[in-house]
**Student:** 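Have a look at this one before I ask anything.
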2 protein chains.
Amino acid sequence: MMKKKISIKDIAKLTDTSITTVSFVLNGKGRISKEISKKILDVAQKNGYEPNRMAVGLRTGVSKVIGLIVESIGGPFFGEMAKVIEEEAEKGGYRIIYCSTNNNLQKGKDMIRMLSQQLVDGYIITPMKGLEKDIQNLVDNEKPVVLIDGYFPGTNIPHVLVDNFASAYNAVDCFVRSGYKNIGMVTADLGLIQLNDRSLGYKAALKDNKLKDSSKTVLKIPFDMDKNEGVEAIKAFIEKQKQMDAIFFTTNYLGTMGLQAIKDLKLSIPEDIAVISFDDNEVFSLYPPGITTIQQPTYDIAKSAIDILMAQINTHKLDASKIDLQIPSKLIERGSTLAKVSA
Amino acid sequence: MMKKKISIKDIAKLTDTSITTVSFVLNGKGRISKEISKKILDVAQKNGYEPNRMAVGLRTGVSKVIGLIVESIGGPFFGEMAKVIEEEAEKGGYRIIYCSTNNNLQKGKDMIRMLSQQLVDGYIITPMKGLEKDIQNLVDNEKPVVLIDGYFPGTNIPHVLVDNFASAYNAVDCFVRSGYKNIGMVTADLGLIQLNDRSLGYKAALKDNKLKDSSKTVLKIPFDMDKNEGVEAIKAFIEKQKQMDAIFFTTNYLGTMGLQAIKDLKLSIPEDIAVISFDDNEVFSLYPPGITTIQQPTYDIAKSAIDILMAQINTHKLDASKIDLQIPSKLIERGSTLAKVSA
DNA sequence: ATCATTTGGTAAAACGTTTTAATTGCCTAC
DNA sequence: GTAGGCAATTAAAACGTTTTACCAAATGAT
């Protein structure tokens with residue numbers, strides 16, 4: 001059965017022309033007469049000719065593949081992104097090769113090294129601490145790169161992400177508008193700039209609202225803590241901060257851990273404690289009384305990222321080094337931040 | 001800056017040997033003396049030599065890439081799978097190129113066609129109606145293929161999936177054990193064999209338990225219905241079936257729609273209605289009182305799939321056509337199926 | 001009529017590898 | 001000492017494209 005793939009050479013033979021002619025016709029390059037063109041196109045069509053990407057890649061140095069390196073595709077945030085990126089890339093004839101690092105630095109380095117074996121034409125990467133050198137190296141070698149969801153302060157690598165500072169600021173503002181005054185925060189210890197920006201936004205908002213900004217109101221979950229331990233830590237935190245009437249979770253997974261903790265403590269939302277979490281997801285919309293969240297504009301982020309990458313790929317001399325896109329988020333207000341009734 | 005990639009030819013020049021010698025040493029093939037080997041290895045190492053995958057691919061016809069075609073990587077089920085597959089593939093030096101079809105048949109066909117341009121060495125595909133021909137074609141051309149999450153009845157394509165029949169059967173059994181007798185089902189109209197198997201399991205269990213099996217107790221949500229419409233449909237269904245005291249949702253997304261519907265109707269779980277859903281996820285564990293779910297063994301499925309694929313790739317003559325792996329699921333019992341108290 | 005230009009087409013090199021078959025020198029056996 | 005065998009190395013072909021440079025014939029200008 002195994003019908004051999006047909007090559008440009010076969011087509012040349014079949015149409016009594018030369019390899020060059022066929023290549024020209026197929027790529028619309030040289031000047032070939034209508035008749036011959038038609039004949040070649042017909043034969044190619046009929047035999048289902050598809051160019052051998054390896055050969056093209058070898059000859060041209062272009063793979064038509066872009067590398068997507070994310071922390072974990074499992075999350076609700078990246079799944080959505082991946083979809084958009086893939087869809088958009090496909091329009092330009094590009095495919096996505098996907099790798100996840102699971103926050104493992106060595107794995108990240110390995111992935112970059114592997115992909116750089118003239119395998120991909122560009123990169124979309126969620127940066128992690130320690131990868132600066134490797135990524136900068138790509139940029140220096142004139143490989144198109146776009147960072148999403150984070151960036152490296154002080155470097156010139158284009159990036160697009162949500163406006164973390166403003167988002168966190170707005171969250172606190174929302175609490176304040178509803179009458180909450182003792183606002184705690186739970187964040188993670190991943191060394192990620194985006195989390196840091198969220199912390200800064202939180203602190204700035206507290207300050208602007210003349211609320212107490214004690215380091216006591218902040219809990220940092222170590223990056224290697226598992227889910228159960230995390231829940232316990234949050235429970236302890238809540239019990240210790242008796243006066244706290246609102247909590248801001250800086251990531252989606254912290255938010256669900258927080259809900260578990262609050263449930264375990266048999267506290268009610270928002271009467272005992274109001275809640276806002278980063279990253280909207282199904283849990284938050286469904287969980288009674290509905291959890292107020294900061295919805296990241298995943299579509300916009302992904303779209304912008306791939307657009308910028310494509311622009312770099314297509315026009316070689318584009319200077320993308322100054323691109324710093326911070327996209328506003330949307331605060332989805334739900335029951336967990338209803339106005340406080342009494343004191 | 002742009003340092004040219006070093007090639008095997010460069011190494012040959014640098015070490016005063018031939019291209020062949022270098023290739024042999026690097027691949028541990030020919031018989032080359034220790035000294036020369038060492039010299040070559042050293043130079044290669046020092047210059048960070050990496051083989052050009054395109055060239056290797058062209059010459060050998062092996063791309064070291066496998067294609068993963070799924071319905072949507074967004075879902076909780078596939079995100080997890082993708083991770084395992086990627087991890088496992090990497091051990092064999094393979095990378096994953098990923099595409100999603102969004103249940104669009106043409107897109108599925110296109111993806112297969114694109115990937116087959118000698119781009120990938122094997123496929124892991126979640127099958128959809130209408131793709132039989134295209135996939136069978138791959139198999140006929142001796143491309144390794146493994147289907148996950150579904151299969152084509154009557155064809156000889158290896159597949160691995162959860163035991164849908166038994167899983168649904170167990171769900172009904174669980175209801176019965178807890179005293180529920182009027183058990184409805186909500187499923188989708190996607191033409192997927194796995195959903196069909198779940199329906200069969202449900203019906204068989206009803207029959208074995210001598211419960212009424214009326215087509216009235218089954219709701220089929222059309223595949224093109226959006227979320228809100230779906231919720232409304234489920235609400236109407238519940239209101240109409242007054243005597244119904246338990247519902248089985250055949251997929252994860254139907255389950256969350258169902259929760260929304262039940263919430264809207266202000267019914268309480270499990271007093272007014274007991275619930276089981278396919279596909280465990282965070283919502284179900286968190287949503288009070290905890291929703292009983294059928295947890296798919298994602299790890300096992302993914303691991304088996306990639307293992308079978310690798311086996312096919314590595315030993316060309318493996319006959320995988322008879323592989324039909326149905327892996328048991330795990331019923332996670334939570335509050336939504338607590339024993340019924342009275343009648 | 002002659003030279004320049006355009007038009008339609010092709011030969012051949014190159015991309016970086018793998019692999020087959022050949023070459024050289026050396027050793028062993030008779 | 002010569003035929004055969006083995007060890008170490010390499011030349012060259014091939015994978016399927018793209019592209020440069022060239023060629024022949026036809027057209028146009030003088």
Side-chain angles (χ1 to χ4, degrees), chain A residues 2-41 43-44 47-65 93 114-121, chain B residues 2-41 43-44 47-65 93 114-121:
Chain A
M2 184 67 172
K3 37 191 165 185
K4 286 291 297 167
K5 282 267 172 194
I6 192 172
S7 81
I8 218 175
K9 187 147 87 183
D10 301 325
I11 298 184
K13 203 157 291 171
L14 251 38
T15 55
D16 244 337
T17 58
S18 77
I19 292 184
T20 310
T21 306
V22 176
S23 175
F24 277 167
V25 169
L26 259 24
N27 296 303
K29 286 264 169 83
R31 298 165 304 187
I32 309 292
S33 67
K34 291 280 178 217
E35 317 138 74
I36 296 202
S37 289
K38 183 167 171 2
K39 189 163 58 171
I40 289 177
L41 254 12
V43 173
N47 295 71
Y49 169 76
E50 298 275 2
N52 180 321
R53 305 258 27 132
M54 293 294 172
V56 177
L58 176 57
R59 172 63 226 227
T60 64
V62 168
S63 66
K64 287 283 184 178
V65 173
M114 296 192 103
L115 292 186
S116 69
Q117 301 169 31
Q118 20 264 317
L119 200 47
V120 304
D121 295 342
Chain B
M2 185 67 172
K3 37 191 165 187
K4 287 292 294 168
K5 282 268 171 193
I6 192 172
S7 80
I8 220 175
K9 187 148 88 185
D10 300 326
I11 297 184
K13 203 157 290 169
L14 251 37
T15 55
D16 245 335
T17 60
S18 77
I19 293 184
T20 310
T21 306
V22 177
S23 175
F24 276 168
V25 170
L26 259 24
N27 296 303
K29 286 264 170 80
R31 295 170 303 191
I32 308 292
S33 66
K34 290 278 177 218
E35 318 138 73
I36 296 203
S37 289
K38 184 168 173 357
K39 189 163 58 170
I40 289 177
L41 255 13
V43 173
N47 296 71
Y49 169 76
E50 298 276 1
N52 181 321
R53 304 260 27 133
M54 294 293 173
V56 176
L58 176 57
R59 171 64 226 230
T60 63
V62 168
S63 66
K64 288 283 184 179
V65 173
M114 297 192 102
L115 292 186
S116 69
Q117 302 169 30
Q118 18 264 318
L119 201 45
V120 304
D121 295 342

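Quantities reported herein were computed from a predicted structural model and do not represent experimental measurements. Side chains are part of it too, since the values below use all heavy atoms of this structure and drop only hydrogens, waters and symmetry mates. Sequence lines set the chain letters: A, B, ... in the order given, protein chains first and strands last, and positions in each chain run from 1.
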**Student:** Provide, to the nearest angstrom, the distance between the NZ atom belonging to B:Lys38 and the P atom belonging to D:dA8.
**Tutor:**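 Between P of D:dA8 and NZ of B:Lys38: 18 Å.
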
**Student:** For B:Tyr49, is there any backbone N or O sitting under 3.5 Å from a side-chain donor or acceptor partner on B:Asn47?
**Tutor:**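 Side chain of B:Asn47 to backbone of B:Tyr49, a donor-acceptor pair under 3.5 Å: no, none is there.
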
**Student:** Given atom CG of B:Asn52 and atom P of D:dT17, what is their separation to the nearest angstrom?
**Tutor:**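 Rounded to the whole Å, the gap is 17 Å.
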
**Student:** Report the distance from atom CD1 of A:Ile32 to atom C1' of D:dA24, rounded to the nearest whole Å.
**Tutor:**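 Rounded to the whole Å, the gap is 14 Å.
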
**Student:** Remember a base hit wins even if backbone is also touched, and classify B:Thr60 as base, sugar-phosphate or nothing at under 4.0 Å, heavy atoms.
**Tutor:**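 Sugar-phosphate: the residue B:Thr60, judged by heavy atoms under 4.0 Å, touches backbone atoms but no base.
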
**Student:** Which one, D:dT17, C:dT17, D:dA8, comes nearest to the side chain of B:Arg31?
**Tutor:**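 Side chain of B:Arg31 sits closest to D:dA8.
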
**Student:** Take B:Ala55 and B:Thr21, find for each the nucleotide of DNA chain D with the closest heavy atom, and name the residue whose nucleotide sits nearer the 5' end.
**Tutor:**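 Mapping each residue to its closest nucleotide by heavy atoms, the 5'-most match is B:Thr21.
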
**Student:** Taking the minimum atom-to-atom distance to the side chain of A:Arg59, which one of C:dG8, C:dA13, D:dT9 wins?
**Tutor:**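 The answer is C:dA13.
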
**Student:** For nucleotides 20-28 of chain C, give me every protein contact, N/O to N/O, under 3.5 Å, one pair per line with atom names.
**Tutor:**
none

**Student:** State the CZ-CE distance between A:Arg53 and B:Met54, to the nearest 0.5 angstrom.
**Tutor:**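 Output value for this atom pair is 8.0 Å.
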
**Student:** Could you tell me how far apart A:Met54 (CE) and C:dT18 (C1') are, to the nearest whole angstrom?
**Tutor:**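 For the pair A:Met54 CE and C:dT18 C1', the rounded distance is 15 Å.
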
**Student:** Would you check if B:Ile36 and B:Thr15 make a side-chain contact, meaning some heavy-atom pair closer than 4.5 Å?
**Tutor:**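 Of all side-chain heavy-atom pairs linking B:Thr15 with B:Ile36, none is under 4.5 Å.
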
**Student:** How far does CG of A:Leu14 sit from NZ of A:Lys39, to the nearest 0.5 angstrom?
**Tutor:**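 Going from the CG atom of A:Leu14 to the NZ atom of A:Lys39 covers 10.5 Å.
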
**Student:** Do the non-hydrogen side-chain atoms of B:Thr17 and B:Val22 ever get within less than 4.5 Å of each other?
**Tutor:**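 A side-chain contact exists here, since the closest heavy-atom pair is under 4.5 Å.
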
**Student:** Which of the following nucleotides, C:dT18, C:dT10, C:dC15, is nearest to the side chain of A:Thr17?
**Tutor:**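 Comparing C:dT18, C:dT10, C:dC15 against the side chain of A:Thr17, the answer is C:dT10.
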
**Student:** Atom CD of A:Glu50 to atom C1' of D:dT17: distance rounded to whole Å?
**Tutor:**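 Rounding to the nearest Å, CD of A:Glu50 and C1' of D:dT17 are 15 Å apart.
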
**Student:** Whole angstrom is fine here: how far is it from CG in B:Leu26 over to P in C:dG16?
**Tutor:**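 Atom-to-atom, B:Leu26 to C:dG16, this comes out as 15 Å.
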
**Student:** D:dT19, C:dT17, C:dG8: which one has an atom nearest the side-chain heavy atoms of A:Lys29?
**Tutor:**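 Looking only at heavy atoms from C-beta outward on A:Lys29, the closest nucleotide is D:dT19.
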
**Student:** With respect to the phosphate group of D:dG16, does any side-chain polar atom (N or O) of A:Ser7 fall under 4.0 Å of OP1 or OP2?
**Tutor:**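 For A:Ser7, the contact criterion (side-chain N or O under 4.0 Å from OP1 or OP2 of D:dG16) is not met.
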
**Student:** To the nearest Å, how far apart are B:Ile40 CD1 and D:dT9 C1'?
**Tutor:**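 Taking CD1 of B:Ile40 and C1' of D:dT9, I get 10 Å after rounding.
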
**Student:** Would you indicate which nucleotide in C:dG16, D:dT9, D:dT18 comes nearest to any side-chain atom of A:Ile8?
**Tutor:**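 When the side chain of A:Ile8 is considered, D:dT18 is the closest of C:dG16, D:dT9, D:dT18.
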
**Student:** Would you classify B:Ser23 as touching base, sugar-phosphate or nothing, given that sugar-phosphate means primed atoms plus P, OP1 and OP2, and contacts are heavy atoms under 4.0 Å?
**Tutor:**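 It contacts base atoms.
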
**Student:** Over how many whole Å does the gap from B:Glu35 atom CD to D:dA7 atom P extend?
**Tutor:**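 It works out to 16 Å between those atoms.
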
**Student:** Would you classify B:Ile19 as touching base, sugar-phosphate or nothing, given that sugar-phosphate means primed atoms plus P, OP1 and OP2, and contacts are heavy atoms under 4.0 Å?
**Tutor:**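 It contacts base atoms.
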
**Student:** Does either side chain, that of B:Thr20 or that of B:Ser23, offer a donor lying less than 3.5 Å from an acceptor on the other one?
**Tutor:**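 No, no side-chain donor-acceptor pair sits under 3.5 Å.
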
**Student:** State, with a plain yes or no, whether a side-chain heavy atom of B:Lys5 is found less than 4.5 Å away from one of A:Ser116.
**Tutor:**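 B:Lys5 reaches A:Ser116 side chain to side chain.
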
**Student:** Are the side chains of B:Val65 and B:Leu119 in contact, using a 4.5 Å heavy-atom criterion?
**Tutor:**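 The answer is no; the side chains never approach within 4.5 Å.
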
